[in-house]
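The structure under discussion appears below in the form of C-alpha cells.
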Amino acid sequence: MQLTNEYIQQQLTTQFGEAVLSFEESFGLLSVTAPAELNLKVMNFLYDDENLRFRFLTDLCGVHYPDQAGKEIGVVYQLHNMEANVRLRLKIYVPAGKPDVYTASALFSAANWMERETYDFYGINFIGHPNLKRILNVDEMDYFPLRKQYPLEDQTRVDKDDEMFGRGGAIGFGTEKTDHGTVTEAGKHEEGHPIV
Amino acid sequence: MAEQHIKLPEGSIEKTTTTLNLGPTHPATHGVMQNILELDGERIVSAEQTIGYIHRAFEKIAERRPLYQITPLTDRLNYCSSPINNMGWHLTCEKLLGVKTPKRVDYLRIIIMELARISDHLICNSIVGVDSGAYTGFLYVMQYRELIYEIYEEVCGSRLTTNIGRIGGFERNFNDIAFQKIQKFLDEYPRVLKEFENLFTRNRIFMERTIGAGAISAERALNYGFTGPNLRAAGVDYDVRVATPYSSYGDFQFNIPVGSTGDCYDRFLVRNQEMWESLSIIRQAFEKVQEFKGTEADIYHADVPEYYLPEKKDVYTKMEALIWHFKIIMGEIDMPAGEVYNSVEGANGELGFYLVSDGGRTPYRLHFRRPCFIYYQAYEELIKGAMLSDAIIVMSSLNLIAGEMDA
C-alpha cells in the first residue's frame with residue numbers, strides 16, 4: 001500500500017476528529033499541527049498504527065513566534081517511517097508564559113537530548129523528562145537564548161541597525177519589557193545584566 | 001588528635017566505586033567532551049556525558065545571516081568532512097529557492113562529497129586503530145587524506161573548513177590539476193586501503209578488542225536515532241543517498257554495506273566497505289564527467305544569477321558585478337517564505353537542515369540535525385558493564401565530532 005499524505009491525513013482525522021488537527025503541505029512533506037496536550041497521543045498513534053509506523057524521530061526543535069498570542073513557542077517533531085520512506089512533521093504550540101509539553105523520551109530514547117537542547121534554548125518544560133537540564137549552555141545561564149527577545153548583537157551598539165536585515169528595528173522588540181530589564185527604542189540596554 | 005587537612009566529599013569513604021573524569025581534554029576523547037565514569041574496579045557502573053564545551057550558537061548566529069554567510073558555519077560542524085556539510089546546506093537553499101542544478105554539477109559535487117566521506121571514514125577507522133594500540137595505520141593513511149585536501153584546495157582554495165561551492169554549483173570549474181589529482185587518488189588509494197585492511201581486519205588483537213565492544217541492537221539503534229554507518233552496522237540498510245536520492249545519486253551503482261551486531265568491529269567493517277563503495281562512485285562520476293563534451297564540459301553552475309555570485313574577475317573590474325555581488329552577499333534578494341527539511345548522508349549519519357523562512361533576508365529559524373549529537377546519548381548504554389578500555393574504543397568508533405555535537 002502506498003503511504004500517501006492524503007492517507008495519513010485521513011487516518012489522523014478519523015482518529016482525532018476534524019476540529020483538532022490542522023494540516024499543511026510544504027515541499028511534498030505533510031505537516032500536522034496538533035494541540036499541545038495531544039502531542040503524545042498523536043505520536044503514539046503514528047507509532048503504533050499498523051499502516052503508519054512512524055517509528056523514527058529524526059529531529060526535534062523549537063521555534064519562537066512572538067507575534068502569535070497564546071502560542072508563541074512551537075515544538076517541531078520530524079518523524080520518519082523508514083520502511084515506506086515517508087516523512088511527517090508534527091507541530092505543537094504552547095504559550096511562552098506556560099511552555100509545558102509532555103516528553104516524548106519514553107517513546108523515543110533519542111528525544112532525551114533533543115528535548116534537553118530545546119529546553120536549553122527555548123525554556124520548554126518537558127513534563128516527565130528524566131533529566132531536564134541544560135545541555136549546551138552553562139548551567140548558570142538564566143535565560144533562554146534562542147527566544148527572539150534576545151537579539152544576537154550587543155544592544156549598546158549604535159552603529160548597527162537591524163533594519164538592514166529585513167525585519168525592522170530590533171526585530172519588533174524595541175520597547176518590550178524583558179526578564180532582564182527594559183530594552184529601549186534606541187536599543188540601549190538598561191538595568192539587569194547585559195545580554196551577550 | 002591530628003588535625004584533618006583534607007576535606008573529603010560526603011560519603012566518599014563509604015563509597016565503593018571510583019569516579020573518573022574522562023575528558024574534557026583527554027588524549028583519548030579526540031574532541032572536547034567530558035564523560036564522568038563511575039568505576040567498580042575497571043568495570044563501568046554508570047556514565048554521564050557533558051557536552052557543549054565548544055558550543056558557538058550557530059543556530060542563533062544563522063538567524064542574522066543571509067544564506068551565503070551561513071555556509072562557513074556549516075564547515076565547522078563536522079570538520080572532518082566539511083564539503084558534505086557545505087553541499088547539504090546549498091542543496092537545502094536550492095530546495096527552498098527552487099534552483100535546478102545541471103547534471104555535470106551534480107556529478108562534480110558527488111566526487112567531492114565522496115572524497116569527503118573517504119577522508120572522514122579514514123580518520124575514524126584509523127583512530128579506532130590508534131585507540132586499540134595500532135598506530136601504524138593512522139600514519140600510513142594520512143598522506144591520502146592530504147591528497148584529498150589537495151584536491152579541495154584545487155577546487156576551492158582551502159583545505160579543512162572548505163566553504164566549497166555556491167548555490168547552484170561551484171565557484172569555478174575543476175582545473176586539470178584537480179582532475180589529475182583525483183585520477184592519482186583513484187589509482188593509488190585502493191592499494192593503500194587494501195593494505196590498511198590487511199593491518200586490521202583479520203588482526204587477532206584488533207578483533208579481540210573490538211568484537212562485542214559497544215554493541216547495540218537494530219531496534220535500540222533506531223530508537224536512539226542512530227543514522228549512517230553506526231545504524232548500518234546494527235543491520236539497518238538506511239542510507240539517505242538511496243532512500244531520498246539528492247544530487248543525482250540515483251544515476252550511480254553502489255552497495256550499502258550493513259553489519260549485524262552493531263559493535264565496534266562491525267562499525268569498522270562498514271566504514272571500510274563504504275570507502276570501497278565511495279571509490280567506485282567517484283570512479284563512475286569521474287567517467288561521467290569526462291563524457292561531457294564541448295560547451296557542456298564547461299558547465300559548473302546552474303544559470304541562476306539571482307543567487308549565484310558573479311565571476312570574481314568581473315567583480316573586481318565591473319561596477320555592476322560588484323554591486324550584484326554585494327546584493328547577494330548581504331541577502332538583498334528575498335527568500336521565498338516556507339519551511340524546508342532537507343537531509344544528506346553525512347559521513348557519520350543523516351545531516352539535516354530544518355530551515356524556516358519568513359521571506360526575509362535571513363532564516364527565521366535554522367536547525368541543524370547533527371547526527372552525532374543524537375547518537376552520543378546512547379554512549380552510556382553502550383559502555384555500561386564494559387571495561388574502561390572499551391569505553392575509549394567505543395567512543396572513537398562512534399565517530400564523535402565535537403564541533404558537530406555542540407554546533
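This structure is a prediction, so every number in the text was calculated from the model and none was measured. Proteins come first, then strands; the chains are lettered A, B, ... in the order of their sequence lines, and each starts at number 1.
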A/Y65 ring center within less than 6.0 Å of B/Y364 ring center: yes

Are B/Y341 and A/H80 close enough that their ring centers fall under 6.0 Å? no

For A/A110 and B/Q377 the tightest heavy-atom approach is O-NE2, 2.9 Å

Please report the closest heavy-atom contact between A/N85 and B/A243, naming both atoms and the distance. ND2-O, 2.6 Å

Over 12 foreign heavy atoms within 6.0 Å of CZ, B/F326: no

Is the side chain of [X] donor-acceptor paired with the backbone N or O of [Y] at a distance under 3.5 Å, no angle test?
| X | Y | value |
| --- | --- | --- |
| B/R365 | A/G62 | yes |
| A/S26 | B/G338 | no |
| B/N223 | A/L107 | yes |

Go through the steps for B/Y376 and A/W113 under the test side chain to side chain contact (heavy atoms under 4.5 Å, CB included), then give the verdict. CA-CA 9 Å; B/Y376 188 40; A/W113 279 21; 3.5 Å; yes

With a 4.0 Å cut-off, would you call A/K133 and B/E48 a salt bridge? yes

For the pair A/E117 and B/R370, find out whether any cationic side-chain nitrogen is under 4.0 Å from an anionic carboxylate oxygen. yes

How long is the straight-line distance from CZ of B/F373 back to CD1 of A/I135, given to the nearest 0.5 Å? 4.0 Å

In Å and rounded to the nearest 0.5 Å, what is the NE2 to OG1 distance from B/H367 to A/T118? 7.0 Å

Heavy-atom distance under 4.5 Å to chain B: side chain of [X], backbone, both or neither?
| X | result |
| --- | --- |
| A/M82 | side chain |
| A/R134 | neither |
| A/V138 | neither |

Among side-chain atoms of B/R369 and A/T58, is any donor-acceptor pair under 3.5 angstrom? no

Under a 4.5 Å heavy-atom cutoff, which of B/N342, B/I61, B/V356 has the most pairs with chain A? B/I61

Quick check with a 6.0 Å cut-off and a 45 degree axis cone: is B/K60 positioned over the face of A/F121's six-membered ring? no

